[in-house]
Trainee: 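Submitted below is the structure of interest, expressed as structure tokens.
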Amino acid sequence: MNILLLGGSGQDAFYLSAYLAKQKVSLTWIYRGCALSNFQRYFEEDNILFVQVESYSYDCLVSRIEVDQFDAIVLIAGVVGNQNGRIDPLNTYWQNIHIVNAACSLVASSCKKPHLYYFSSCDIDGTSSMTQPYLFSADISPPKTTYGLSKLHASEYLKYLKSQGILNSTIIYLGIEGSTLFKSRV
């Protein structure tokens, strides 16, 4: 299996990648900035390819990768998290929605139509992932931050595209300190 990982500069991406590497899954880890330099040294496996991009725009991604080689695309939600969201809420919302759309566009442009896995913590209230997992619902727990709102809207967008037969996706809510799901297995 060959997987493309987007949004990979945080600890959830690190633990997921470590788990997948041990399972001998081929992984292409797309990241922005220099955050990955903190994690790359922990990987000795030759089944992980690290690719740095300037942005998560569709054009930038297709210029760096051949999407038809992947069986699945994994998107770690919250490219920009709560801290940045408090400083620049509009830009945070835009960036998070932008990467979801870019991932959906990658799937739609592929002949293989890889499955899209959307990993998101349940911290749409702007606090943390320390609460029990729950399904995103604006009626039950309305978002209190633009960061949370972007994750709620991304989930709803993916559900809509799936219902229309445009792409296959699975939304995975991490909850309870998201990365512990992988940390315990690594």
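Quick note: residue numbers are just sequence positions, from 1.
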Trainee: Could you check whether any side-chain N or O of R64 sits under 3.5 Å from a backbone N or O of Q52, counting only pairs where one atom can act as donor and the other as acceptor?
Mentor: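 Yes, the answer is positive, given that a donor and an acceptor are paired below the 3.5 Å cut-off.
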Trainee: Of the non-hydrogen atoms in C60 and S63, which two are nearest, and what is the gap between them?
Mentor: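 Answer, listing the atom of C60 first, then S63: O-OG, 2.8 Å.
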Trainee: Would V67 and I73 satisfy side chain to side chain contact (heavy atoms under 4.5 Å, CB included), going step by step from the backbone distance to the final call?
Mentor: CA-CA 9 Å; V67 72; I73 296 175; 4.2 Å; yes
Trainee: If you take all heavy atoms of D68 and C111, which pair is closest and at what distance?
Mentor: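 Closest approach of D68 to C111, heavy atoms only: OD1-N, 2.6 Å.
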Trainee: Can you list the residues that meet the side chain to side chain donor-acceptor pair (under 3.5 Å) rule with K112, with sequence neighbours excluded?
Mentor: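 Once residues adjacent in sequence are excluded, the partners of K112 under the side chain to side chain donor-acceptor pair (under 3.5 Å) criterion are D71.
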Trainee: What pairs with Y93 under ring-ring contact (aromatic ring centres under 6.0 Å, His included), at least two apart in sequence or on another chain?
Mentor: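 Only H153 meet the ring-ring contact (aromatic ring centres under 6.0 Å, His included) criterion with Y93.
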Trainee: Begin with the C-alpha distance, continue with both residues' side-chain angles, and end with the deciding distance and a verdict on side chain to side chain contact (heavy atoms under 4.5 Å, CB included) for Y117 and I3.
Mentor: CA-CA 10 Å; Y117 292 90; I3 295 177; over 6 Å; no
Trainee: Taking all heavy atoms of Y118 and all of A154, pick out the closest pair and write down the distance.
Mentor: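 Taking every non-hydrogen atom into account, OH-CB, 3.3 Å.
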Trainee: According to the salt bridge (charged side-chain N to carboxylate O under 4.0 Å, His left out) rule, which pairs have a member within residues 50-63, sequence neighbours left out?
Mentor: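 The answer is none; no pair qualifies.
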Trainee: Any idea which heavy atoms bring S17 and I48 closest together, and the distance?
Mentor: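 For S17 and I48, the tightest heavy-atom pair comes out as O-CD1, 4.1 Å.
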Trainee: What's the verdict on side chain to side chain contact (heavy atoms under 4.5 Å, CB included) for L16 and F14, showing C-alpha distance, side-chain angles and the deciding distance?
Mentor: CA-CA 6 Å; L16 176 61; F14 170 76; over 6 Å; no
Trainee: Closest heavy-atom contact between L20 and N47?
Mentor: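 The answer is O-ND2, 4.4 Å.
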Trainee: Roughly how far, to the nearest 0.5 Å, is the CG atom of L90 from the OG atom of S150?
Mentor: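 S150 OG to L90 CG: 11.5 Å, rounded to 0.5 Å.
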Trainee: Can you tell me how far apart CD (Q95) and CD1 (I97) are? Round to the nearest 0.5 Å.
Mentor: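 Q95 CD to I97 CD1: 11.5 Å, rounded to 0.5 Å.
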Trainee: Grouping I, L, V, M, F, W and Y whenever their side-chain heavy atoms are under 4.5 Å apart, do V53 and W94 come out in a common cluster?
Mentor: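 No; W94 is not reachable from V53 via cluster members.
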Trainee: At what distance, to the nearest 0.5 angstrom, does CG of L116 lie from NZ of K162?
Mentor: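 Reported to 0.5 Å precision, the distance equals 10.5 Å.
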Trainee: Of the non-hydrogen atoms in Y56 and Y31, which two are nearest, and what is the gap between them?
Mentor: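 Looking at all heavy atoms of both residues, the shortest contact is OH-CA, 3.6 Å.
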Trainee: Check whether the side chains of S26 and N2 place a donor and an acceptor atom closer than 3.5 Å, and report yes or no.
Mentor: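 No - no donor-acceptor pair under 3.5 Å links their side chains.
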Trainee: Hey, mind stepping through V51 and T28 against side chain to side chain contact (heavy atoms under 4.5 Å, CB included) and telling me if it holds?
Mentor: CA-CA 7 Å; V51 178; T28 300; 3.9 Å; yes
Trainee: Less than 3.5 Å apart, any donor N or O on the side chain of N101 or Y157 sitting next to an acceptor on the other?
Mentor: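 Side-chain D/A pair, N101 to Y157: present.
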Trainee: Going from OG on S55 to CG on L61, what distance comes out if it is rounded to the nearest 0.5 angstrom?
Mentor: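 Reported value, rounded in 0.5 Å steps: 7.0 Å.
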Trainee: Does a side-chain heavy-atom distance below 4.5 Å link Y58 with L106?
Mentor: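 In short, these two side chains touch, coming nearer than 4.5 Å.
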Trainee: Which atom pairs, one a donor and one an acceptor, fall under 3.5 Å between side chains of residues 163-172 and the rest of the protein, sequence neighbours left out?
Mentor:
from, atom 1, to, atom 2, distance (Å)
S163, OG, Y160, O, 2.8
T170, OG1, H115, NE2, 2.6

Trainee: CG of L4 to CD1 of I30: how many Å apart, nearest 0.5 Å?
Mentor: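 That separation rounds to 5.5 Å.
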Trainee: Can you tell if the side chain of I76 reaches within under 4.5 Å of the side chain of L6, non-hydrogen atoms only?
Mentor: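 A side-chain contact is absent here, since even the closest heavy-atom pair is not under 4.5 Å.
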